[in-house]
Amino acid sequence: MPTLTPRPVILDGDPGHDDAVNILLACSSPELDVLGVTTTYGNVGLERTTHNALVVRELIGAGFPIYPGADRPLVVPRLSAEAVHGESGLDGPDLPTPTRGAERLHAAQFIIDTVRARPGEVTLLPTGPLTNLALALRLAPDIAPKIREVVWMGGSLDTGNWTPSAEFNALCDPHAARIVFECAAETGLKLTMFGLNATHQAIADPARVAAFRQLGTRVGEFTAVLLEFFAGHHRERYGWEGGALHDPMTAAYLIAPALFGVKAMRVDIDTTEGPSAGRTVCDVWKVTGQPPNADVALTVDADGFFALLVERIGRYA
Ligand code: RIB
Ligand code: CA
């Protein structure tokens, strides 16, 4: 049996219920080696997203370092999503009190230093606005060809969730997203986008939530309560039976790529201030003649995705 070499990853997010589940999935999977978690404003402010990353680390007794990053977008005013995630950003379950703090090094510098130290090895999994990655690329353009891959939860092939055109992570910082997607076009940076067209195929309905609870473990119950809170916004907004489990698709894609179907295409970001601001403009039919700069997720084996999540989260006590 060949020995498995874990794939080094940095999770960059705005926990946030689904970001938290992505951390749980990544840290329970031997296929991945979580080098660090970098945090950004997004669902809630930076202080709270950072605290929430500390909470998740405490919950599972993990050792990864946490590096706070951007507290605001590059240009546009900051948005936030307390309506979805609650005031704390992780409303629902009782939250353990962190016994360790975050690092002082900025997230962007951690990304730069880590990628430079391990050229070609590190995969970045951003699940919030792309401000930290954009800052890193502007501070150190040399890292672009040294990044193994970026798998981003954000954007959408079609409709948005924060405006009719834009998904939340993209709309939070369209200029940052533009920097990342243009870098992919210019340097060949391997970029995969899990947009709403994919993540809305994975609804954590009551039967799927019950599977986490039936694990009979502390972390299983934590996940079930998280998802039950997360369902509230989706029930009101969309009439669905549960929340769309967006962010864990990034780690799942590395662990079990056969669960997903992607298509290479050109993606550009609308940085105008009109009704299409923040839209990820996906050239599905190659009408621009522009070469592809991203793999865009189109299909999801939702049952397989949730089975993986339950099995991996079942590995915690
Ligand atoms: O639009 C969904 C995305 O926005 C998810 O990453 C969620 O956590 C929020 O950041
Ligand atoms: Ca997120």
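Indexing begins at 1, ligand by ligand and atom by atom, following the structure's order. Throughout, residue positions are numbered sequentially from 1 according to the sequence presented.
His200 meets the ring-ring contact (aromatic ring centres under 6.0 Å, His included) test with Tyr238, Trp240, His246; sequence neighbours excluded. For Pro8, the side-chain contact (heavy atoms from CB on, under 4.5 Å) partners at least two apart in sequence or on another chain are Leu35, Arg118, Glu121.
Excluding waters, the set of protein N, O or S atoms lying under 3.0 Å from the Ca ion (ligand 2) comprises Asp14 OD1, Asp19 OD1, Asp19 OD2, Thr127 O, Asp247 OD2.
Atom SG of residue Cys172 and atom CD of residue Glu167 lie 8.0 Å apart, to the nearest 0.5 angstrom.
A side-chain donor-acceptor contact under 3.5 Å links Ser88 and Asp91.
When side chains are defined from C-beta on, Leu196 counts as touching Met153, because their heavy atoms get closer than 4.5 Å. Looking at Thr127 and Leu11, their side chains never come closer than 4.5 Å, going by heavy atoms from C-beta outward.
Atom CZ of Arg178 has 12 or fewer heavy atoms from other residues, nucleotides or ligands within 6.0 Å.
Taking the centre of each ring, Trp152 and Phe181 come in below the 6.0 Å mark.
What you find for Gly242 and Ala231 is that their closest heavy atoms are CA-CB, 3.8 Å.
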At less than 3.5 Å, what protein N or O atoms come close to the N or O atoms of ligand 1? Include the distances to 0.1 Å.
residue	atom	partner	partner atom	Å
ligand 1	1 (O)	Asn161	ND2	2.9
ligand 1	1 (O)	Glu167	OE2	2.6
ligand 1	4 (O)	Asn169	OD1	3.1
ligand 1	6 (O)	Thr127	O	2.9
ligand 1	6 (O)	Asn169	ND2	3.0
ligand 1	6 (O)	Asp247	OD1	2.6
ligand 1	6 (O)	Asp247	OD2	3.1
ligand 1	8 (O)	Asp18	OD1	2.7
ligand 1	8 (O)	Asp18	OD2	3.2
ligand 1	8 (O)	Asp19	OD1	3.0
ligand 1	8 (O)	Asn43	ND2	3.1
ligand 1	8 (O)	Asp247	OD2	3.1
ligand 1	10 (O)	Asp14	OD1	3.3
ligand 1	10 (O)	Asp14	OD2	2.9
ligand 1	10 (O)	Asn43	OD1	3.3
ligand 1	10 (O)	Asn43	ND2	3.4
ligand 1	10 (O)	Asn169	OD1	2.8

